[in-house]
Amino acid sequence: MSFPWAKNYEPVNPVMKFMDEKLPLPRLVYNAVGAGYPVPRNLSYWWNFGVLAGICLVLQIVTGVVLAMHYAANSGIAFDSVEHIMRDVNWGWLLRYMHANGASFFFLVIYIHIFRGFFYSSYKAPREMIWLLGVVIFLLTMATAFMGYVLPWGQMSFWGAKVITGLFSAIPLVGEPIQVWLLGGFAPDNAALNRFFSLHFMLPFVILGVVILHIWALHIPGSSNPTGVEVKQESDTVPFHPYYTAKDGFGLGVFLLIYFMYVFFFPNALGHPDNYIEANPLSTPAHIVPEWYFYPFYAILRAFTFDFIIPAKLWGVLAMFSAILVWFFLPWLDKSPVRSGHYRPMFRKFFWFGLIPCMAVLFYCGGAPAEEPYVMISQIATAYYFLHFLVILPIISSVERPEPLPFSITEAVLGSDDSAVIEPAAKAAE
Amino acid sequence: MASTGTADAHEAATEDGVRRRDFIEIAAVSAAGVGGLAALIPLISQMAPSADVLAESSTELDISTLEEGQSIKAVFRKQPVFVRHLTPAEIQAANDVDVSSLRDPQTLEERTEDGHHNILVVMGVCTHLGCVPLGAAEGENKGEYGGYFCPCHGSSYDTAARIRKGPAPKNLEVPTYEFTTDTTIVIG
């Protein structure tokens, strides 16, 4: 499960020796995130975001559990109980702003983590399972965030719940019964609010479980690195602790500075003012939008305005879910043997000038009103999005001529690697 | 320790090679499987609307004071219902339309009760993504077809609340209702 040169855990004091014999938990931690885990020596700051995502999850669980001690999941008093947290509960304003902004920052970190994976093809063998579990985590996080946004029972909560559960009504025949079953009524009400609270409390622990599987799967091949060349020898790696605990610690400090700048100075900048109006089933806000982190997918949903064999509404729903499900197939769509975008000239161009602008456009259109020219721009961007993954990536991987790779991580870092010279010579001698 | 005799009895196979133990295994696993599936029924069914939610599913309305050209917004199953007393001009406008040209072809006659074709009862829920359309209250935007207009994604409905323009796939839904007297309707 690890490289042969990984340091072995040797407890010194009797308590730790006792512990190691009965329940080797310290050994597990030592081998997972301690000196016992050898990591490529050349990881850039883009590799900080996995650890940051884990920290965000813990932050959300801790603030969420304490908020649940004061929140009331009842449609009659939910809105007031949130104001009670803001005004009356000791430090309630801080805990709630940390939780609400924490969700935004969690998604920011996850998106960077995912796009790091896109650029460095982190999904390729032997790391397919890590990628698949990562997509599962992303889907679970989206569901959790959506249900959490419903809990304050403001106008955006209510109409968001109505529109999103309304997506299921697009399914032929069984759609409307499914929507009624999901809501426990004919429109969002107390039954829906209660179950969303229950699931919003439970799902983060499911996410935590899948995160553990994600890390477990990661530790089998070990971390990827910016060259995409696999670890060959001890000089390619450094122990996780203290090298990357320090680097991750520094990254965490920067992250917390930016995060708390929002929590303290712009706590509502990422939210929507309509959600401070209590839910009213008889009046729709003029402009319904989801939270910013769903904009790209909301744009894809709304890009379908014409019936073609199946109704436009169903196309939109299918496209929105497919936009994420297509990630599951990435390990098999991109067949290039070279991982890192640094050595793939054509892939790199389509990443920076294709995928990234496409996502930026979808992001912008998802937050814009559903009118021209935004609808047509969303349609073009949606078409490119699917074209990129389903057509462009497979074609690039067969026609592209990658640049020469370094012999090893050591060579990439130091400019030369002694074993690069010795090894071919030894091979020739055989 | 089991005697060899008992062991033989357990291992004894019928002529076609089936042991008694095979039967017991299949029976036990089947019972556990069926029991497991049965346990899902309450877990899934509890999410469906509860008895008190279903009990709210009828609404009685008195429309004796509803003048021509007026609408009322009522609540049915916690969703808005629009009841409109159509003017002759609105009825005329609805009947002038070539029904076959509509996205969801229906005549005004089909969408209202016999003897009360001037009373239009529809759910105030846009068939696109469920927003509440404008047009029921005085002074609200009725859209370019003079009926209802959804501000979310721009769907326009005509005087018979039929979809004429925009992304909504269907006409505003007519709930099941009946006139219990000439001036009282019961929805649901």
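Note that the coordinates shown come from a computational prediction; the quantities given were computed from them, not determined experimentally. Residue numbers begin at 1 in each chain, while the letters A, B, ... track the order of the sequences.
With hydrogens and angles disregarded, a donor-acceptor distance shorter than 3.5 Å links the side chain of A/Arg195 to the backbone of A/Ala191. With hydrogens and angles disregarded, a donor-acceptor distance shorter than 3.5 Å links the side chain of B/Asp158 to the backbone of B/Arg162.
For A/Pro369, no part lies under 4.5 angstrom from a heavy atom of chain B. Residue A/Leu282 touches chain B through both its backbone and its side chain, counting heavy-atom pairs closer than 4.5 Å. At a 4.5 Å heavy-atom cutoff, the contact between B/Ile44 and chain A is made by backbone and side-chain atoms alike.
Checked for salt-bridge contact, B/Arg164 and B/Glu144 miss the test: no charged N lies under 4.0 Å from a carboxylate O.
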Query raised in the report: Does the side-chain hydrogen bond (donor to acceptor under 3.5 Å, both in side chains) test come out yes or no for A/Ser104 and A/Trp292, once each step is laid out?
Result: CA-CA 8 Å; A/Ser104 278; A/Trp292 68 266; 2.8 Å; yes
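Counting only N and O atoms by type, the side chains of A/Asn275 and A/Ser157 include a donor and acceptor under 3.5 Å apart.
Considering only heavy-atom pairs separated by less than 4.5 Å from chain B, the leading option among A/Asp189, A/Val180, A/Ile288 is A/Asp189. In terms of non-hydrogen atom pairs under 4.5 Å with chain B, the most contact-rich of A/Ser283, A/Gly166, A/Gly185 is A/Gly185.
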